[in-house]
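Comments concern the structure below.
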Amino acid sequence: MRDLPDGAGGVVRTPVIDASVHIFVESNKDLRRNFLQEPFRSRGFPDYEMDWYGAPGGEYAPRTEGPDGQYPGSDPAVAAQHLFGDRGVDIAILHPMTRGIMPDRHLGSALAAAHNEMMVTRWLEHAEFGERFRGTIRVNPDDITGALREIDKYRNHPRVVQLGIPLQSRELYGKPQFWPLWEAAVDAGLPVAVHFEVGSGVMLPPTPNGLTRTYEQYVGFTALNFLYHLMNMIAEGVFEKWPELKFVWADGAADLLTPFIWRMDCFGRPHLEQTPWAPKMPSDYLPGHVFFVEGSLDGPGDVEFAGEWAGFTGKDDMVMYGSSYPHWQLNELAVPGAYSAEQRDKLCWRNAAALYGIEVGVTANEEARL
């Protein structure tokens with residue numbers, strides 16, 4: 001729990017669910033030796049660091065490596081100290097970082113499965129901290145058969161709470177080839193989280209017009225790709241077909257939602273006959289279906305209109321706090337002073353608790369009032 005401003009000059013004890021904690025294997029050697037089988041153990045695949053653009057000050061926050069120099073975010077005890085001890089997090093939602101879409105779909109599925117095994121055995125079943133972790137099972141949308149196999153393997157694990165797919169995709173996620181995966185997610189009762197991937201094997205340009213020159217442009221433009229997927233899913237009728245499907249856009253972009261959905265509504269109002277499979281207004285498909293992890297790069301900041309802005313398009317019902325630990329843009333949970341108490345609680349824990357079926361937030365909040 002954290003002491004946060006209450007909007008009236010005081011502080012309030014608030015539960016915190018961190019909806020975006022990135023975890024890694026200790027090294028490529030660790031991945032090959034302990035989690036990959038042949039013929040994939042001997043195959044070549046990208047390192048985590050194979051991004052086109054690197055943050056000028058380095059990719060990771062200080063002191064996030066393991067005690068013997070293991071990769072940042074690979075040691076459960078180090079992460080637990082930073083998250084639960086230093087930052088007052090109650091529950092952490094883990095998202096393993098893999099290698100994105102590989103040219104060989106079988107290798108891509110093997111890498112996803114290896115990271116799932118690592119997360120479950122080292123983190124979710126950790127003797128000391130496991131009960132405070134929840135996990136994202138990585139699946140390969142380029143290999144539906146392999147993805148369904150991973151879902152069946154882990155769907156009943158009590159600490160697995162969502163599926164994870166890469167933002168970088170060969171096709172938009174509203175297209176029919178992905179529908180069996182969304183159907184399986186609904187059947188398993190798991191939301192789907194879309195996250196920008198590190199070490200990508202098949203790396204499309206971050207803009208529809210090609211490459212940017214600088215990291216600053218790259219970070220600014222990349223979030224648009226979430227909107228391309230979301231708007232395509234709405235237009236293809238995915239949320240109409242599966243009313244219980246829930247998608248988490250895990251790298252932010254809630255700040256882009258309002259203007260884009262307004263534009264989509266303006267076109268959709270007079271032309272709904274063009275999409276008879278999605279008969280509602282586009283914005284009507286947002287509530288209960290669409291969620292965003294809000295990081296340090298999102299939103300207008302601590303300004304007097306922040307609360308009003310969060311209410312546009314119902315964003316305050318969609319956003320969840322995420323630190324992006326152990327990456328450089330570590331979000332320190334600076335709740336804008338203009339947020340209402342309800343908006344603050346929704347961001348810090350309520351939305352995530354409802355989405356993932358976590359009870360710790362309610363319990364902790366009631367204890368804080370005693």
Query raised in the report: Can you find a pair of side-chain heavy atoms, one from V192 and one from I165, that are under 4.5 Å apart?
Result: yes
**Report entry** Pair F24 and Y60, ring centroids less than 6.0 Å apart
**Finding:** yes
Query raised in the report: Would you say Q168's side chain and E197's backbone share a donor-acceptor pair under 3.5 angstrom?
Result: yes
Query raised in the report: Donor-acceptor pair, R138 side chain versus P96 backbone, under 3.5 Å?
Result: yes
Requested in this report: Examine R99 relative to Y48 and say whether NZ or CZ is less than 6.0 Å from the centre of the six-membered ring and inside a 45° cone about the ring axis.
Outcome: yes
Query - Side chain D251, main chain F196, donor-acceptor under 3.5 Å - result: yes
Query raised in the report: Angle class for the F84/F133 ring planes (parallel below 30°, perpendicular above 60°, tilted otherwise)?
Result: tilted
Query raised in the report: Ring centres of F305 and F312 under 6.0 Å apart?
Result: no
Requested in this report: Examine distances only and state if a side-chain atom of R132 and a backbone atom of I91 form a donor-acceptor pair shorter than 3.5 Å.
Outcome: no
Query raised in the report: Can you tell me if R159 uses its side chain to pair, donor with acceptor, with the backbone of L124 under 3.5 Å?
Result: yes
Query - Non-hydrogen side-chain atoms of M119 and Y154 separated by less than 4.5 Å - result: no
Query raised in the report: Taking the side chain from S324 and the backbone from H327, do they hold a donor-acceptor pair closer than 3.5 Å?
Result: no
Query raised in the report: Are I261 and W309 grouped together when hydrophobic residues (ILVMFWY) are joined by side-chain heavy atoms under 4.5 angstrom apart?
Result: no
Report task. Please answer whether the main-chain N or O of Y325 pairs with a side-chain N or O of S323 as donor and acceptor at a distance below 3.5 Å. Result -> yes
Query raised in the report: With a 4.0 Å cut-off, would you call D30 and R122 a salt bridge?
Result: yes
Query - Short side-chain to backbone donor-acceptor contact, N225 and T222, under 3.5 Å - result: yes
Query raised in the report: Any donor-acceptor pair under 3.5 Å linking the side chain of R155 with the backbone of D187?
Result: yes
Requested in this report: Taking W249 for its side chain and H229 for its backbone only, find out whether a donor-acceptor pair lies under 3.5 Å.
Outcome: no
Query raised in the report: Hey, would you say the F247 and W182 ring centroids sit under 6.0 Å apart?
Result: yes
Query raised in the report: Would you call K315 and E294 a salt bridge, taking side-chain N to carboxylate O under 4.0 Å as the test?
Result: no
Report task. Check L36 against A110 and note the closest heavy-atom contact, atom names and distance. Result -> CD2-O, 3.7 Å
